[in-house]
Engineer: 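Before I ask anything, let me first share the structure, which is written out below as structure tokens.
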Amino acid sequence: MDSGELTLDLGCFVAGLEYSSQVEAEVIGKPSPVFFNQAAKMIRLSPGDLVMIGDDVEGDVGGAMSAGFQGILVKTGKFRPKDAKHPTVKPTFIADNLSHAIDVILSMK
């Protein structure tokens with residue numbers, strides 16, 4: 001809802017394009033490993049050499065880790081205490097904030 005009125009998201013437009021073109025869309029974005037692998041490819045680095053820092057345990061950290069990145073979950077923004085005990089996503093590290101995450105990365109070398 002936007003200003004109390006119903007609004008449409010992208011899903012109906014994608015469905016319309018698929019129907020009219022008779023082609024199934026491949027929608028990528030977080031947490032898709034395709035999204036993270038494309039990012040690694042664009043900067044010419046191996047996923048194993050990269051670290052994702054994020055506040056979304058599934059979208060940021062889980063997605064990146066499924067692509068072979070290391071994942072640092074920060075306790076800011078979207079983070080909720082239950083995220084630290086996620087049933088399937090086990091972050092490489094849980095940091096208090098971005099500064100703490102950077103210190104952790106620098107100590108990894």
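Each residue takes its place number in the sequence, starting with 1.
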Engineer: Which pair of heavy atoms, one from Ala95 and one from Ala101, lies closest together, and at what distance?
Structural biologist: CB-N, 3.7 Å
Engineer: Step by step, would you call Ile72 with Ile94 a side-chain contact (heavy atoms from CB on, under 4.5 Å)?
Structural biologist: CA-CA 6 Å; Ile72 297 180; Ile94 300 175; over 6 Å; no
Engineer: Please answer whether the main-chain N or O of Gly71 pairs with a side-chain N or O of Thr92 as donor and acceptor at a distance below 3.5 Å.
Structural biologist: yes
Engineer: Pairs of donor and acceptor atoms involving the side chains of residues 10-31, under 3.5 Å and at least two apart or interchain, shall be tabulated with distances.
Structural biologist:
residue: Glu18; atom: OE2; partner: Ala25; partner atom: N; Å: 2.7
residue: Ser20; atom: OG; partner: Gly16; partner atom: O; Å: 3.1
residue: Ser20; atom: OG; partner: Leu17; partner atom: O; Å: 3.2
residue: Ser21; atom: OG; partner: Leu17; partner atom: O; Å: 2.7
residue: Ser21; atom: OG; partner: Val23; partner atom: N; Å: 3.3
residue: Gln22; atom: NE2; partner: Tyr19; partner atom: O; Å: 2.6
residue: Lys30; atom: NZ; partner: Asp60; partner atom: OD1; Å: 2.6

Engineer: Taking atom OG1 of Thr88 and atom CE of Met65, what is their separation to the nearest 0.5 Å?
Structural biologist: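 Going from the OG1 atom of Thr88 to the CE atom of Met65 covers 10.5 Å.
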Engineer: Linking I/L/V/M/F/W/Y whenever any side-chain heavy atoms sit under 4.5 Å apart, do Met42 and Val51 land together?
Structural biologist: no
Engineer: Once you round to the nearest 0.5 Å, how far does NZ of Lys75 lie from NE2 of His100?
Structural biologist: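 Between Lys75 NZ and His100 NE2, I get 8.5 Å after rounding to 0.5 Å.
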Engineer: Go through the steps for Leu98 and Ile53 under the test side-chain contact (heavy atoms from CB on, under 4.5 Å), then give the verdict.
Structural biologist: CA-CA 8 Å; Leu98 180 59; Ile53 301 171; 3.9 Å; yes
Engineer: Could you report the tightest heavy-atom contact between Gly63 and Ser66, atom names first, then the distance?
Structural biologist: O-OG, 2.7 Å
Engineer: Scan residues 60-91 for pairs that pass ring-ring contact (aromatic ring centres under 6.0 Å, His included), counting only residues two or more places apart or in two chains.
Structural biologist: Phe36-Phe69
Engineer: Checking the side chain of Asn37 only, and the main-chain atoms of Pro33 only, is there a donor and an acceptor separated by less than 3.5 Å?
Structural biologist: yes
Engineer: So, taking the atom named CD1 in Ile105 and the one named CG in Leu50, what distance separates them when rounded to the nearest 0.5 Å?
Structural biologist: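 Here the interatomic distance stands at 10.0 Å.
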Engineer: Determine the minimum heavy-atom distance between Val89 and Pro91, stating which atoms define it.
Structural biologist: O-CD, 3.4 Å
Engineer: Could you walk me through whether Val57 and Leu73 satisfy the side-chain contact (heavy atoms from CB on, under 4.5 Å) test, starting with their C-alpha distance in whole Å, then the side-chain angles of each, then the deciding distance to 0.1 Å, before giving a yes or no?
Structural biologist: CA-CA 6 Å; Val57 71; Leu73 180 63; 4.0 Å; yes
Engineer: Decide yes or no on salt bridge (Lys or Arg N to Asp or Glu O under 4.0 Å) for Asp56 and Lys78, but give the supporting numbers first.
Structural biologist: CA-CA 6 Å; Asp56 183 324; Lys78 286 182 166 181; 3.0 Å; yes
Engineer: Please tell me whether Leu106 and Val74 are part of a single hydrophobic cluster in this structure, the criterion being side-chain heavy atoms less than 4.5 Å apart.
Structural biologist: yes
